[in-house]
Amino acid sequence: MKYSKKTMMAILEFIVVCLAIVFVFKGIIMPIKVDGSSMYPTLHDGDLAFMSRLDLNSKQIKRFDVVTIDCKQLDNVIIKRVIGLPGEKIVYKNDCLYVNGKYIKENYLNKSHIKDVKSRYNISYFTDDFEISVGENEIFVLGDNRVNSLDSRELGCFKIENVLSKKGIILFPFNHMKGMN
């Protein structure tokens with residue numbers, strides 16, 4: 001079978017475009033579908049987001065970044081919020097976050113959701129008191145829906161090398177569309 005030069009060029013262009021798309025989705029952007037309510041109300045079950053695979057070293061990951069992590073314990077990818085950075089001491093006491101002894105305000109938490117959860121489950125604290133030291137090259141992560149989140153409290157700290165993506169944008173459903181910090 002002999003193809004014309006025009007046909008060969010069209011095939012080559014198609015292959016190049018396909019390779020470029022694969023590169024973008026493997027190297028730059030990570031699509032993620034939210035499974036569960038551990039990040040509610042920031043993320044909803046079924047939300048579709050695109051997250052960045054760039055700048056995933058310890059100097060670029062910041063407190064309160066939303067990240068995806070290759071969780072070996074669960075053999076799954078999880079999405080959580082970074083609370084503790086390498087070498088820090090994290091303390092929660094009376095629903096307040098302290099990092100190395102200094103109070104840190106969690107502005108991203110939805111106060112009406114917290115009040116509703118405490119009332120619904122008849123609990124005093126949204127985040128039970130605990131204290132942990134984060135190892136070098138590790139991060140400590142929590143879900144935004146603390147009473148329904150399997151996170152570093154149970155799974156331990158995660159190596160930075162297991163972070164797959166951070167930040168991003170929720171694209172679907174359209175009424176949830178927003179950027180994630």
Side-chain angles (χ1 to χ4, degrees), residues 25-43 45 47 49-111 113-114 117-118 121 123-170 179-181:
F25 277 98
K26 285 291 193 181
I28 298 173
I29 296 172
M30 179 178 180
I32 186 91
K33 184 172 183 189
V34 177
D35 183 20
S37 62
S38 72
M39 285 297 292
Y40 182 84
T42 304
L43 301 171
D45 185 33
D47 281 355
F50 286 121
M51 298 185 64
S52 172
R53 294 183 62 107
L54 301 174
D55 299 325
L56 298 178
N57 62 51
S58 63
K59 290 179 175 39
Q60 300 299 324
I61 295 175
K62 307 290 185 214
R63 184 177 338 283
F64 304 141
D65 279 350
V66 175
V67 297
T68 59
I69 300 169
D70 180 12
C71 180
K72 308 287 189 217
Q73 300 95 312
L74 300 176
D75 194 28
N76 202 358
V77 173
I78 62 173
I79 186 166
K80 303 292 176 193
R81 189 177 299 276
V82 176
I83 301 299
L85 298 169
E88 293 182 334
K89 182 177 179 183
I90 305 300
V91 174
Y92 265 91
K93 187 163 179 72
N94 300 327
D95 272 343
C96 294
L97 167 63
Y98 298 89
V99 177
N100 297 329
K102 182 182 175 199
Y103 171 72
I104 305 291
K105 191 167 180 152
E106 295 180 274
N107 293 325
Y108 59 88
L109 289 176
N110 183 304
K111 293 184 186 345
H113 173 68
I114 292 171
V117 166
K118 286 179 174 181
Y121 292 105
I123 55 177
S124 299
Y125 298 110
F126 186 64
T127 307
D128 289 336
D129 292 354
F130 68 88
E131 174 173 322
I132 188 163
S133 294
V134 182
E136 292 305 314
N137 202 35
E138 292 182 334
I139 56 172
F140 181 87
V141 298
L142 293 176
D144 288 357
N145 190 9
R146 306 280 164 80
V147 296
N148 191 24
S149 179
L150 186 57
D151 49 40
S152 284
R153 293 171 293 177
E154 294 85 15
L155 301 170
C157 294
F158 291 91
K159 296 282 184 193
I160 290 174
E161 65 198 37
N162 292 332
V163 175
L164 301 173
S165 63
K166 69 174 191 168
K167 301 184 179 181
I169 184 169
I170 301 167
M180 287 184 286
N181 293 349

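All residue numbers in this chain count up from 1 along the given sequence. From a predicted model like this one, the values you see are computed outputs, not experimental measurements.
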(request) Could you please spell out the steps behind the side-chain contact (heavy atoms from CB on, under 4.5 Å) verdict for F158 and I78? (result) CA-CA 11 Å; F158 291 91; I78 62 173; 3.8 Å; yes

(request) Could you walk me through whether L85 and V134 pass side-chain contact (heavy atoms from CB on, under 4.5 Å), step by step? (result) CA-CA 7 Å; L85 298 169; V134 182; over 6 Å; no

(request) Apply side-chain contact (heavy atoms from CB on, under 4.5 Å) to Y40 and N110, showing your working. (result) CA-CA 9 Å; Y40 182 84; N110 183 304; over 6 Å; no

(message) Let's go through K72 and D70 carefully: what are the C-alpha distance in whole Å and the side-chain angles of both, what is the deciding distance for salt bridge (Lys or Arg N to Asp or Glu O under 4.0 Å) to 0.1 Å, and is it a yes or a no?
(response) CA-CA 6 Å; K72 308 287 189 217; D70 180 12; 2.6 Å; yes

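- Once rounded to the nearest 0.5 Å, the distance linking CZ of F140 with CD1 of I90 reads 7.0 Å.
- Atom NZ of K167 sits about 10.5 Å away from atom CD1 of I61, to the nearest 0.5 Å.
- Between the NZ atom in K93 and the CZ atom in F130 there is a gap of 13.0 Å [rounded to 0.5 Å].
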N/O donor-acceptor pairs under 3.5 Å from side chains in residues 143-150, not counting sequence neighbours:
| from | atom 1 | to | atom 2 | distance (Å) |
| --- | --- | --- | --- | --- |
| D144 | OD1 | R81 | NE | 2.8 |
| D144 | OD2 | T42 | OG1 | 2.4 |
| D144 | OD2 | R81 | NE | 3.4 |
| D144 | OD2 | R81 | NH2 | 2.8 |
| N145 | OD1 | H113 | NE2 | 3.2 |
| N145 | ND2 | S37 | O | 3.0 |
| R146 | NE | G143 | O | 2.7 |
| R146 | NH1 | Y92 | OH | 3.2 |
| R146 | NH1 | T127 | OG1 | 2.9 |
| R146 | NH2 | E106 | OE2 | 2.9 |
| R146 | NH2 | Y108 | OH | 3.0 |
| N148 | ND2 | S37 | OG | 2.4 |
| S149 | OG | K80 | NZ | 3.1 |
| S149 | OG | G143 | N | 3.2 |
| S149 | OG | D151 | OD2 | 2.9 |

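- Closest heavy-atom contact between R153 and L142: NE-CD2, 3.4 Å.
- Between N94 and D129, the shortest heavy-atom distance links the atoms N-OD1, 2.8 Å.
- Counted within 6.0 Å of CG on D45, heavy atoms from surrounding residues, nucleotides or ligands total more than 12; the atom is thus considered enclosed.
- Y103 OH: more than 12 foreign heavy atoms inside a 6.0 Å radius.
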(message) Please determine whether side-chain contact (heavy atoms from CB on, under 4.5 Å) holds for the pair T68 and S165, giving the CA-CA distance in whole Å, both sets of side-chain angles, and the decisive distance to 0.1 Å.
(response) CA-CA 5 Å; T68 59; S165 63; 2.4 Å; yes

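- For the pair K159 and E138, the tightest heavy-atom approach, listed with the atom from each and the gap, is NZ-OE2, 3.8 Å.
- Put simply, the side chain of Q73 gets close to the backbone of L155: a donor and an acceptor are under 3.5 Å apart.
- Here the straight-line distance linking atom CD1 of I83 with atom CZ of F64 works out to 5.5 Å at 0.5 Å rounding.
- Going from atom CG of L164 over to atom SG of C71 covers 10.5 Å, rounded to the nearest 0.5 Å.
- Closest of all the heavy-atom pairs between I104 and R63 is CG2-CD, 4.2 Å.
- Using a distance-only test at 3.5 Å, with no hydrogens or angles considered, no donor-acceptor pair links the side chain of D47 to the main chain of V34.
- Nearest heavy atoms, D65 versus Q60: OD2-O, 3.8 Å.
- Note that NZ of K89 and CG of N100 are 9.0 Å apart. Values are rounded to the nearest 0.5 Å.
- Between I79 and D35, the closest side-chain pair of non-hydrogen atoms is not below 4.5 Å.
- N137 and P86 make their closest contact through N-CB, 3.7 Å (heavy atoms, listed as atom of the first residue, atom of the second, distance).
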